[in-house]
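Only one structure is covered here, and it is reproduced in the block below.
A, B, ... follow the sequence lines: proteins, then strands. Residue 1 opens every chain.
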Number of protein chains: 2
Amino acid sequence: MTETYGIAELAKEFGVTTRTVRFYEDKGLISPTREGQRRIYSPRDRVRLRLIMRGKRLGLTLDEIAELIDLYDADPSEVTQLKQFIGVIRERKTVLEGQKQDIEDILAEMTRLERQCTQLLSQKQNKK
Amino acid sequence: MTETYGIAELAKEFGVTTRTVRFYEDKGLISPTREGQRRIYSPRDRVRLRLIMRGKRLGLTLDEIAELIDLYDADPSEVTQLKQFIGVIRERKTVLEGQKQDIEDILAEMTRLERQCTQLLSQKQNKK
DNA sequence: ACGCTGCTTTACGTTAACGTAAAGCTCGCA
DNA sequence: TGCGAGCTTTACGTTAACGTAAAGCAGCGT
């Protein structure tokens, strides 16, 4: 008796339209079951949606997100597969680390700008 | 006598096509001068291009990137403008901090996966 | 039986960010 | 003087990620 969800319910929770949820299914990112003609979503589908949203916040394409999810799901049995798998993970990691660096750079700039502004503001207000 | 660059030169440096560089000009992100009909890029244009690329790595749209660049360039003179400006900066910062959190989450997951894999790998190789 | 609500499929439309092809200037040089 | 290299404008094409509209089924409350 595990929890299930309707499409409108999930769409609302994640702030997207039902069209979007169906679109992700088309792309193979989620695979809800059916009850008659209606889609029934499991907690697993919901987790996937959460992963998708996180990926989108990072500017990943749906294809890239699919790859990432595949990484989580897959369990490589062969040794050669396993080695290749580790390679893929490391690539992903370096990209993400670069991205993190970019963010930290911009954040630093923003903080500098903010300080500069608040200071300027207090100056102007003291003159008044 | 400040340094200048041709379009092909810059495009090559940033790993994009000349079409892309012209496209960014169309969108108002850079404004090279002309020498005859040819575009001449200044160090300032080059810095802009660097900012654009950084934004793209973060999945920002060109419009968002334009906003960010405007933030760097603008100096708000009015007090009300200044306050609003600070607000915009803070919004940007919270978005970026969320993004950073997302990245750290994924990175942690990746590291976990990687460890799991390397461990599994060494097990398999010891059995052989 | 009727209509509303919520879901469904099908299919054409839209926006962003370029790609790509065509045709024309202009400068240096053999 | 012809020509090739490198730039230019103009314009149509393409892909991703949905939006939006049309038309139909299915249960349920009156």
Side-chain angles (χ1 to χ4, degrees), chain A residues 3-43 45-46 48-70 92 95 99 102, chain B residues 3-43 45-46 48-70 92 95 99 102:
Chain A
E3 188 119 8
T4 65
Y5 314 89
I7 189 169
E9 194 178 349
L10 274 191
K12 189 175 177 187
E13 175 176 352
F14 290 104
V16 299
T17 67
T18 60
R19 170 68 171 102
T20 299
V21 177
R22 287 193 204 97
F23 183 73
Y24 293 159
E25 183 181 350
D26 264 28
K27 291 283 156 175
L29 291 171
I30 42 183
S31 319
T33 59
R34 299 291 179 123
E35 180 178 295
Q37 59 168 2
R38 306 216 166 168
R39 276 165 250 255
I40 303 294
Y41 297 88
S42 69
D45 292 320
R46 203 179 141 203
R48 292 240 183 179
L49 266 177
R50 191 175 304 286
L51 291 179
I52 295 172
M53 296 309 155
R54 197 172 65 181
K56 291 203 62 192
R57 283 197 299 275
L58 296 179
L60 303 184
T61 68
L62 292 184
D63 286 355
E64 290 170 325
I65 293 174
E67 273 187 57
L68 267 182
I69 292 183
D70 284 353
R92 278 277 155 219
V95 173
Q99 221 171 335
D102 284 335
Chain B
E3 189 117 9
T4 66
Y5 314 89
I7 190 169
E9 194 179 350
L10 273 190
K12 188 175 180 188
E13 176 176 352
F14 290 104
V16 298
T17 67
T18 59
R19 170 70 171 99
T20 299
V21 177
R22 287 193 203 98
F23 183 73
Y24 293 158
E25 182 181 350
D26 264 27
K27 291 282 156 176
L29 291 170
I30 41 183
S31 318
T33 59
R34 298 293 179 122
E35 180 178 294
Q37 62 168 358
R38 307 215 165 167
R39 277 164 250 255
I40 303 294
Y41 297 88
S42 69
D45 292 319
R46 204 179 140 202
R48 292 240 184 178
L49 266 176
R50 192 176 305 284
L51 292 178
I52 295 172
M53 296 310 154
R54 197 171 64 181
K56 290 203 63 192
R57 283 197 298 274
L58 296 179
L60 303 184
T61 68
L62 292 183
D63 285 356
E64 290 171 324
I65 293 174
E67 274 188 57
L68 268 183
I69 292 184
D70 284 354
R92 277 278 154 217
V95 173
Q99 221 171 336
D102 285 334

Requested in this report: Any chance you could measure L29(A), atom CG, to I69(A), atom CD1, to the nearest 0.5 Å?
Outcome: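 Answer for the CG-CD1 pair, L29(A) versus I69(A), is 5.5 Å.
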Requested in this report: Quick one: pull up NZ in K56(B) and CZ in F14(B) and give me the separation to the nearest 0.5 Å.
Outcome: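 Going from NZ on K56(B) over to CZ on F14(B), the span is 13.0 Å.
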**Report entry** K56(B) side chain near dC18(C) phosphate (N/O to OP1/OP2, under 4.0 Å)
**Finding:**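 Looking at the OP1 and OP2 atoms of dC18(C), one of them is under 4.0 Å from a side-chain N or O of K56(B).
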**Report entry** Salt-bridge contact E3(A)-R46(A) (side-chain N to carboxylate O under 4.0 Å)
**Finding:**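 No.
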Report task. Inspect the contact between R34(B) and E25(B) and indicate whether a charged nitrogen and a carboxylate oxygen are less than 4.0 angstrom apart. Result ->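 Salt bridge present between E25(B) and R34(B).
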Quick one: [X] [atom1] to [N] [atom2], roughly how many Å, whole number?
{"X": "L62(A)", "N": "dT15(D)", "atom1": "CG", "atom2": "P", "answer": "16 Å"}
{"X": "F23(A)", "N": "dG13(C)", "atom1": "CZ", "atom2": "C1'", "answer": "14 Å"}
{"X": "Q37(A)", "N": "dA23(D)", "atom1": "CD", "atom2": "P", "answer": "18 Å"}
{"X": "R34(A)", "N": "dG6(C)", "atom1": "CZ", "atom2": "P", "answer": "19 Å"}
{"X": "I30(A)", "N": "dA17(D)", "atom1": "CD1", "atom2": "P", "answer": "14 Å"}
{"X": "R38(A)", "N": "dC28(D)", "atom1": "CZ", "atom2": "C1'", "answer": "11 Å"}
{"X": "Y24(A)", "N": "dA17(D)", "atom1": "OH", "atom2": "P", "answer": "8 Å"}
{"X": "R22(B)", "N": "dA17(C)", "atom1": "CZ", "atom2": "P", "answer": "19 Å"}

Query raised in the report: Out of R54(B), R50(B), R57(B), which residue meets the salt bridge (charged side-chain N to carboxylate O under 4.0 Å, His left out) rule with D102(A)?
Result: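 When R54(B), R50(B), R57(B) are each tested with D102(A), the salt bridge (charged side-chain N to carboxylate O under 4.0 Å, His left out) holds only for R57(B).
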Report task. Among V16(B), L49(B), I30(B), find the residue that satisfies the side-chain contact (heavy atoms from CB on, under 4.5 Å) test when tested with L10(B). Result ->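 The passing option is L49(B).
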Query raised in the report: Hey, can you pull the residues of residues 4-20 of chain B with a non-hydrogen atom under 4.0 angstrom from DNA chain D?
Result: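 Those residues whose heavy atoms fall under 4.0 Å from DNA chain D, taken from residues 4-20 of chain B in numerical order, are I7(B), A8(B), R19(B).
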